[in-house]
A.B. asks: 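Before I ask anything, here is the structure I am working with.
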Number of protein chains: 2
Amino acid sequence: MMDSQTDIGILAGTEIFRSLSGEILDEVRRAASRRRLARKEVLYHQGDAVRNFYVVVVGRLRATQTTEEGNQIALRYLGPGELVGYAALAGIPDYPGTVVAVEDTHLFAWSAGAMRELMGRHPQIALNAVAVLGTRYRETQARLREISTETVERRIAHALLRLARQAGRRTAQGTEICFPLSRQDIAELAGTTLHTVSRTLSGWEKDGIVLSAHRHVVVCLPEMLAAIREAAS
Amino acid sequence: MMDSQTDIGILAGTEIFRSLSGEILDEVRRAASRRRLARKEVLYHQGDAVRNFYVVVVGRLRATQTTEEGNQIALRYLGPGELVGYAALAGIPDYPGTVVAVEDTHLFAWSAGAMRELMGRHPQIALNAVAVLGTRYRETQARLREISTETVERRIAHALLRLARQAGRRTAQGTEICFPLSRQDIAELAGTTLHTVSRTLSGWEKDGIVLSAHRHVVVCLPEMLAAIREAAS
DNA sequence: CGATGAGTTGATCCGACTCAACCACGGTGG
DNA sequence: CCACCGTGGTTGAGTCGGATCAACTCATCG
């Protein structure tokens, strides 16, 4: 009973189940199951038939898309409160990307059918879904514009600022991105190669803008990164 | 009375109002107003406060996004039955892009508030919105992957194939893209310059893959374009 | 019949990718 | 506990796709 209440509290804090009455939240909770993933474990693969919809409770996941040639880009990093597997909401038959845990993660899960039923019975859930998908769509459009008009350096700066905002932890040196993040990972976000990322970060580290250890980045001077992102350079 | 019936028929054929009962469609129709745009006329500008939501009845529009430096990319072309101004559904306060008519266009319009009310009262509309936004989100993710991993030539091939599918008319020579489309327009879709598009199309015209006149393109050998899009080339 | 927007084509240049070699951790197993 | 090996990271040299710069032609329209 205590657990039910904490679960409901968690659900109330997610983007898809916000602004719901306690009664509806309880109905949502009863339909949910749990899923745990260890670091590097895959939630689902690109092309798999869509079965489930998830919400992150704790941890962090990475959504990627791969071409036939094996070229990979990172679509998004997903943290607590965010929904995973939007395809289940939209009625898309196959998952368009692969989702993998970048740290140990705990999720709530619903079947695609249960979610669509919940949305049909409770319009507020559907409205929340519209808001989330609209926001993600807009963000992706902005990234599309960015990647086709901006230089690599500016894109890397923007990617780091986004990560710092999404998953930053304030420390003495600055804002630390608090999950393991390799050069390759950053390259897949910025649409470039790990070589270029490595060179760029080395330069920034010399200027004191960032600090980096093994798969670990700290943004020291976010205002400098913001300037790089915006400046004509 | 006759007009009401034809309007309801039109609404029933749109992506956002499909699968609704006649009664609900009539309610939707009563809340609608009309808007006409001449070629080159702007429906709304990037950054404008969101007031309305639209559905295309006849004609075609282009949605673009511009950077501070004036660099522009085309987000999407919108034809009959498609929704315009998704920001009004998602509760986004400012339009993220500019929408302009590429030919004379007729739309239905609703206020943002009316649409959100309709979605709240009729979950099927909200579910349709989720499906549309989910599909567009997925398409944009795919374009993001494409632009950051594929060559310009392949992207141009893909852009032409998409346009031919969306707005193609079969003719003796092949599939004609039936609205005015300049080299610059194609460049903004493919994320390149009009110079590169011009060179590429000249080459393809030599091989009989496409035909082009002034702001006018015919795809003669779509299977060759598909091969270019996919081949390692 | 100018004027203006659209298209072509050549020459040049540069940002970023590719290829390559090497180094530094850190996790694992003997 | 330490040696080992693999993953991750750095850095240099060379190359190239496509942008940029530039000059010119050709439609279209007022």
Side-chain angles (χ1 to χ4, degrees), chain A residues 38-40 62 67 69-74 100 102-103 146-157 159-160 177 179-207 210-218 228 231-233, chain B residues 38-40 62 67 69-74 100 102 146-157 159-160 177 179-206 210-218 228 231-233:
Chain A
R39 193 168 114 66
K40 291 190 180 177
R62 182 178 61 219
T67 62
E69 288 94 4
N71 248 324
Q72 198 166 79
I73 69 152
V100 57
V102 295
E103 49 188 27
E146 180 177 302
I147 213 162
S148 62
T149 61
E150 317 275 31
T151 63
V152 164
E153 188 182 31
R154 293 171 75 169
R155 274 145 45 198
I156 297 173
L160 287 186
I177 293 164
F179 58 87
L181 185 75
S182 71
R183 302 291 186 256
Q184 177 67 39
D185 294 335
I186 299 171
E188 287 172 8
L189 267 178
T192 178
T193 61
L194 74 148
H195 309 278
T196 301
V197 171
S198 180
R199 280 180 240 274
T200 306
L201 286 198
S202 293
W204 288 347
E205 195 146 11
K206 211 165 295 171
D207 300 342
V210 301
L211 274 177
S212 76
H214 184 68
R215 311 216 299 156
H216 193 81
V217 179
V218 181
I228 289 166
S233 179
Chain B
R39 191 168 117 65
K40 292 191 181 177
R62 181 179 60 217
T67 62
E69 288 95 4
N71 249 323
Q72 198 167 78
I73 70 152
V100 57
V102 295
E146 180 179 300
I147 214 164
S148 61
T149 62
E150 317 276 31
T151 64
V152 164
E153 188 182 30
R154 293 171 75 168
R155 272 144 47 197
I156 296 173
L160 287 186
I177 293 164
F179 59 86
L181 186 74
S182 70
R183 303 288 187 258
Q184 177 67 40
D185 294 335
I186 299 171
E188 287 173 7
L189 267 178
T192 178
T193 61
L194 74 148
H195 309 278
T196 301
V197 171
S198 181
R199 280 179 238 274
T200 306
L201 287 198
S202 294
W204 287 347
E205 194 146 11
K206 210 165 294 171
V210 301
L211 275 177
S212 76
H214 183 69
R215 312 215 302 156
H216 194 82
V217 179
V218 181
I228 289 166
S233 183

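Order of the sequence lines sets the chain letters (A, B, ...), proteins ahead of strands, with each chain counted from 1. Source: prediction; values computed, not measured.
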A.B. asks: So for B/His214 and D/dT28, does any side-chain atom that can act as donor or acceptor lie under 3.5 Å from a complementary atom in the base?
C.D. replies: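 For B/His214, whose side chain was compared with the base of D/dT28, there is no donor-acceptor pair (under 3.5 Å).
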A.B. asks: Does D/dG17 have its OP1 or OP2 closer than 4.0 Å to a side-chain nitrogen or oxygen of B/Thr196?
C.D. replies: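 Result: no.
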A.B. asks: Between the base of D/dT20 and the side chain of B/His195, is there any donor-acceptor pair under 3.5 Å?
C.D. replies: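 Not at all, since no donor on one side and acceptor on the other fall under 3.5 Å apart.
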A.B. asks: Pick the closest DNA chain D nucleotide for B/Glu150 and for A/Val197 by heavy atoms, then say which residue is nearer the 5' end.
C.D. replies: A/Val197
A.B. asks: Can you measure B/Lys40 atom NZ to C/dT4 atom P for me and round it to whole angstrom units?
C.D. replies: 14 Å
A.B. asks: Taking CD from B/Gln184 and P from C/dT8, how many angstroms apart are they, rounded to a whole number?
C.D. replies: 13 Å
A.B. asks: Is there, by distance only and without an angle test, a donor paired with an acceptor across the side chain of A/Arg199 and the base of C/dT18 below 3.5 Å?
C.D. replies: yes
A.B. asks: Among B/Thr200, B/Leu181, B/Thr196, whose side-chain contact (heavy atoms from CB on, under 4.5 Å) with B/Ile186 holds?
C.D. replies: B/Leu181
A.B. asks: Indicate yes or no for a side-chain donor-acceptor contact from A/Gln72 to the backbone of A/Glu188 under 3.5 Å, with no hydrogens or angles considered.
C.D. replies: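 Not a single qualifying donor-acceptor pair exists.
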A.B. asks: Please state how far atom CG in B/Leu194 lies from atom P in D/dA19, giving the value in whole angstrom units.
C.D. replies: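 So the two atoms are 10 Å apart, to the nearest Å.
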A.B. asks: Please check if the side chain of B/Arg155 supplies one atom and the backbone of B/Ala190 the other of a donor-acceptor pair under 3.5 Å.
C.D. replies: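 Checked: pair present.
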A.B. asks: Using a heavy-atom cut-off of under 4.0 Å over every strand shown, decide if B/Ser202 touches base, sugar-phosphate, or nothing.
C.D. replies: sugar-phosphate
A.B. asks: Is B/Thr192 near enough to D/dA19 that one of its side-chain N or O atoms lies under 4.0 angstrom from OP1 or OP2?
C.D. replies: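 Yes, within the criterion.
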A.B. asks: Look at the side chain of B/Thr151 and decide which nucleotide, out of C/dA16, D/dG18, C/dG7, has an atom nearest to it.
C.D. replies: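 Looking only at side-chain atoms, B/Thr151 lies closest to D/dG18.
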A.B. asks: Taking only the side-chain nitrogens and oxygens of B/Ser198, find out if one of them lies under 4.0 Å from OP1 or OP2 of C/dG7.
C.D. replies: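 Checking C/dG7 against B/Ser198, no side-chain N or O comes under 4.0 Å of OP1 or OP2.
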A.B. asks: With a cut-off of less than 4.0 Å, is there a side-chain N or O of B/Arg183 near OP1 or OP2 of C/dA6?
C.D. replies: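 B/Arg183 to C/dA6 OP1/OP2: no side-chain N or O under 4.0 Å.
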A.B. asks: Could you give the CH2-to-C1' distance, from A/Trp204 to D/dG9, as a whole number of Å?
C.D. replies: 17 Å
A.B. asks: Would you mind reading off the distance between B/Glu69 atom CD and D/dT20 atom C1', rounded to a whole angstrom?
C.D. replies: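 Taking atom C1' of D/dT20 as the reference, CD of B/Glu69 is at 16 Å.
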A.B. asks: In this structure, how many angstroms lie between the P atom of D/dG17 and the CD1 atom of B/Ile156, rounded?
C.D. replies: 15 Å
